[in-house]
**Student:** 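Please read through the structure below; I'll follow up with questions.
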Amino acid sequence: MHFSIPSTQEFASDGSGSSYTGFNIHINGSFHCCLRYKQLHSLHEQLKRSLPSIALPSFPPKKLLSLTPNQIEQRRMSLERYIQLVGQDPMLCRSELLRAFLLNAQQESSFTDCSEVTLDVYLMNGYRIAATVYTTDCTSKVLEKACALIDLPRECGCYFALYLMRKEANGELTIAKRLMDFEAPYISAKRWDDCKLVLRTSYWDPVYDLELMRDRIALNLLYIQALSDVERGWIVTTRDLNEQLTNMQARGSKSEYLEIVRKLPLYGCLQFPRANVDYPEPNTRATVVLGNKELNLLTFTGKDMQETKFKVTRIRCWRVTPIHVNQEPPLAVVQIHPQPSTRQPSPPSSKITLELSFEYLMAKNQLKWITIYSEQSMLMSVCLQSIVDELLNQKNGSDPAHLQSPQHAEYAPLSYIRRDGSNHCMTDSSSTDTLYNIVNNDCGSNNGTSNATNNGSSFIRRKLKEFNTTVRFKNGKDSVHNEAFEWIGDDDL
C-alpha cells in the first residue's frame with residue numbers, strides 16, 4: 001500500500017472551544033480518511049500487542065503543549081513516514097487489524113451510516129449485477145455477494161476483483177483503481193462518481209485460467225472479458241485471426257475462443273494509455289502495458305510503433321513521486337477526487353502530476369532508471385507489486401487465495417477511537433459490527449441521517465497548504481525493493 005499525508009484539516013471540539021488537527025491520509029494515490037494523531041497512536045499500540053513478532057517503526061512522540069504550525073508540519077512528515085513504513089511490511093498490510101481500522105476510518109471520514117442499498121456491479125460486456133449490500137461492507141463481502149448472484153462458486157471468487165472503471169469521451173475504457181479490502185465499495189464508488197464498479201480477473205498468469213475453465217460460470221466470465229478486450233484493442237489480433245475469432249463467437253465456441261486468445265501476447269494485460277516516458281528518448285508518447293511478468297512500453301514515433309519489453313524480475317526497484325500544484329507539472333496531471341459530503345467540507349482537492357520510475361538491469365552490471373509520467377502511475381505501481389506478489393506466491397507453492405486472505409491476529413477485538421475520543425470495540429470489520437452500527441445499534445433500520453454530535457466535532461477551517469510528497473518506503477530507502485529481483489541469474493542477462 002502506498003501511503004501519503006499531503007495535507008491537514010483543523011477541527012473544533014464541540015463545546016470546549018479548543019481545536020485539533022486531522023491528517024488527510026491518501027492510500028494508493030487517492031484520499032481515504034482523515035485521522036487524528038491519537039487515532040494513529042491507538043493503531044500503533046494495538047499492532048504492537050497483536051503482532052509482537054514484528055518490529056514496528058517508531059511512532060512520533062507525544063507533545064505536552066499545543067503545537068505550533070511548524071511542529072504540526074513536523075508531525076505530519078513523521079506520521080507520513082511512519083505509516084509508509086507500515087504500508088511496506090507485507091505482514092502488517094495483510095493484518096486483519098489494520099484492514100478493520102482503515103475500513104472504519106473511511107466510514108467515519110465519509111459520514112456513512114450503515115444501511116442496505118443496491119450496488120451495481122458490471123461485467124465487461126455491460127451486464128449489470130444488482131447486489132444488495134450494506135453501505136459499510138468491505139470489498140471482499142461485496143465481491144462475494146456479486147459472485148453469488150451469478151452463481152459463481154465461492155472457490156472461484158478469489159480469482160476475481162472489483163475495479164473502478166470510467167468511459168472516456170473518446171469511448172475508451174480506463175481503469176481508475178482496483179478496490180482493496182480495507183475500503184467499502186459503496187463509499188469508494190460514491191467518491192468516484194464518474195466510474196462504474198466492474199468485475200475482472202485479479203491474477204496475471206494465464207495458467208490460472210485452466211482452473212476456472214472447468215466451471216461453466218467462470219468460463220463465461222473469462223470469455224466475456226476476453227471478448228471485451230479484443231473488441232477494445234487491449235488484445236491485438238491480425239485481420240485473419242480476428243475473422244477466425246468472430247466465427248467462433250458466432251458458433252458459441254467459448255473454450256476454443258479462449259484457447260486461441262490466451263496465446264496472444266497482450267492477453268491478461270492491463271493497458272495505460274496517454275503516458276510519456278524518457279525511453280528511448282525524452283518526452284516519448286507511450287502506452288504502458290502490464291502483464292505476462294513484463295512491463296511493456298508501446299512508444300510512437302510518428303505513425304510507427306515500437307514495443308520495448310522490461311521483465312519484472314529485472315526491475316530492481318521502483319518509486320512513485322506525486323508532485324503537487326505548487327510546483328510546475330512536468331507532463332501529466334490528475335485530479336484527486338474530493339470527498340462528497342454535505343456535512344463536512346471535502347479534503348483539499350489538488351492537481352498533481354505523478355511519475356513512476358523503475359531501475360532496470362539492462363545488462364550485467366548496468367542499471368538504468370526509466371521514468372513514466374502518467375495520471376495512472378500509482379495504479380501501475382500497485383499492479384507491479386501484485387505481479388511480484390504473485391511470482392513470490394507461486395514460488396512458495398500457494399494459490400491466489402493466499403494473497404487475498406488477511407492475517408488474523410490472536411489479539412481481539414479491535415478498539416477504534418473516533419475523532420471525538422470515544423472508544424468502540426468491534427469483533428471484526430464486517431458490516432454487522434462496524435463503527436456506525438455500534439453508534440446506531442441497528443444496522444438495517446437507521447434513517448440515513450447524521451449530525452455534528454455523531455461526529456463529535458465540527459469543521460472550522462481547512463489548511464490550504466499542500467505539501468510536496470515523495471512516497472517513500474521501507475528501510476529508509478526512497479523506492480520499493482523488488483523481492484523477485486534476486487532470482488536473476490546469468491542466463492537472464
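Computed from a predicted structure; not experimentally measured.
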**Student:** Quick one: are the ring centres of Tyr360 and Tyr279 less than 6.0 Å apart?
**Tutor:** no
**Student:** Do Gln107 and Thr112 meet the criterion of a side-chain donor-acceptor pair at a distance under 3.5 Å?
**Tutor:** no
**Student:** Taking the side chain as every heavy atom from C-beta outward, state whether Thr135 and Ile187 have any atom pair closer than 4.5 Å.
**Tutor:** no
**Student:** For Asn247 and Glu243, test the side chains for any donor-to-acceptor distance below 3.5 angstrom and give the result as yes or no.
**Tutor:** no
**Student:** In Å and rounded to the nearest 0.5 Å, what is the CG to CG distance from Leu384 to Asp389?
**Tutor:** 11.0 Å
**Student:** Passes salt bridge (Lys or Arg N to Asp or Glu O under 4.0 Å), Lys167 versus Glu172? Steps please.
**Tutor:** CA-CA 6 Å; Lys167 194 169 187 178; Glu172 278 186 357; over 6 Å; no
**Student:** Between Asp205 and Gln394, which heavy-atom pair has the shortest distance, and what is it?
**Tutor:** OD2-NE2, 3.0 Å
**Student:** Taking the six-membered ring for Trp and the single ring otherwise, decide whether the centroids of Tyr122 and Tyr127 are under 6.0 Å apart.
**Tutor:** no
**Student:** Counting C-beta onward and ignoring hydrogens, is there a side-chain heavy-atom pair between Met305 and Thr287 closer than 4.5 Å?
**Tutor:** no
**Student:** Supply the atom-to-atom distance Leu354 CG to Leu379 CG, rounded to the nearest 0.5 angstrom.
**Tutor:** 11.0 Å
**Student:** Taking CZ in Arg251 as the centre, count heavy atoms belonging to other residues, nucleotides or ligands within less than 6.0 Å. Is the count above 12?
**Tutor:** yes
**Student:** Regarding Arg316 and the six-membered ring of Trp369, is the cationic atom NZ or CZ under 6.0 Å from the ring centre and inside 45° of its axis?
**Tutor:** no
**Student:** Decide whether Glu168 and Thr174 meet the rule of one side-chain donor and one side-chain acceptor closer than 3.5 Å.
**Tutor:** yes
**Student:** Determine, for Arg314 against Glu359, whether the closest basic-nitrogen to carboxylate-oxygen distance falls under 4.0 angstrom.
**Tutor:** no
**Student:** Name each donor-acceptor pair under 3.5 Å that joins a side chain in residues 256-271 to protein atoms two or more places apart or in another chain, with its distance.
**Tutor:**
| unit_1 | atom_1 | unit_2 | atom_2 | d |
| --- | --- | --- | --- | --- |
| Arg262 | NE | Asp209 | OD2 | 3.0 |
| Arg262 | NH2 | Pro206 | O | 2.9 |
| Tyr267 | OH | Asp209 | OD2 | 2.7 |
| Gln271 | NE2 | Trp234 | O | 2.9 |

**Student:** When you check the side-chain N and O atoms of Thr201 and Gln225, is any donor under 3.5 Å from an acceptor?
**Tutor:** yes
**Student:** Could you check whether Trp318 and Ser357, counting side-chain N and O atoms only, form a donor-acceptor pair closer than 3.5 Å?
**Tutor:** no
**Student:** Going by ring pair (Phe, Tyr, Trp, His ring centres under 6.0 Å), His32 matches just one of Phe3, Phe182, Phe101. Which one?
**Tutor:** Phe182
**Student:** So if I apply the salt bridge (charged side-chain N to carboxylate O under 4.0 Å, His left out) rule between Glu183 and each of Arg191, Lys190, Lys177, which one comes out positive?
**Tutor:** Lys177
**Student:** Could you give the distance from CG (Leu98) to CD (Glu96), rounded to the nearest 0.5 Å?
**Tutor:** 10.0 Å
**Student:** Please name all residues satisfying side-chain contact (heavy atoms from CB on, under 4.5 Å) with Arg216, sequence neighbours left out, ordered by chain then number.
**Tutor:** Asn220
**Student:** Once you round to the nearest 0.5 Å, how far does CG of Leu179 lie from CG of Leu164?
**Tutor:** 4.5 Å
**Student:** Go through the side-chain N and O atoms of Arg99 and Ser95 and say whether any donor and acceptor fall under 3.5 Å apart.
**Tutor:** no
**Student:** Hey, could you give me the SG/CZ distance between Cys158 and Arg154, rounded to the nearest 0.5 Å?
**Tutor:** 11.0 Å
**Student:** Check side-chain hydrogen bond (donor to acceptor under 3.5 Å, both in side chains) between Asp229 and all other residues, then give those that pass, not counting sequence neighbours.
**Tutor:** Arg200
**Student:** Between Gln106 and Ser188, does a side chain to side chain donor-acceptor pair (under 3.5 Å) hold up when you go through it step by step?
**Tutor:** CA-CA 9 Å; Gln106 185 190 35; Ser188 297; 3.2 Å; yes
**Student:** Side chains of Ser7 and Asn24: is there a donor and an acceptor less than 3.5 Å apart?
**Tutor:** yes
**Student:** Answer yes or no for Arg419 and Phe11: cation-pi contact, defined as NZ/CZ to six-membered ring centre under 6.0 Å and angle to ring axis within 45°.
**Tutor:** yes
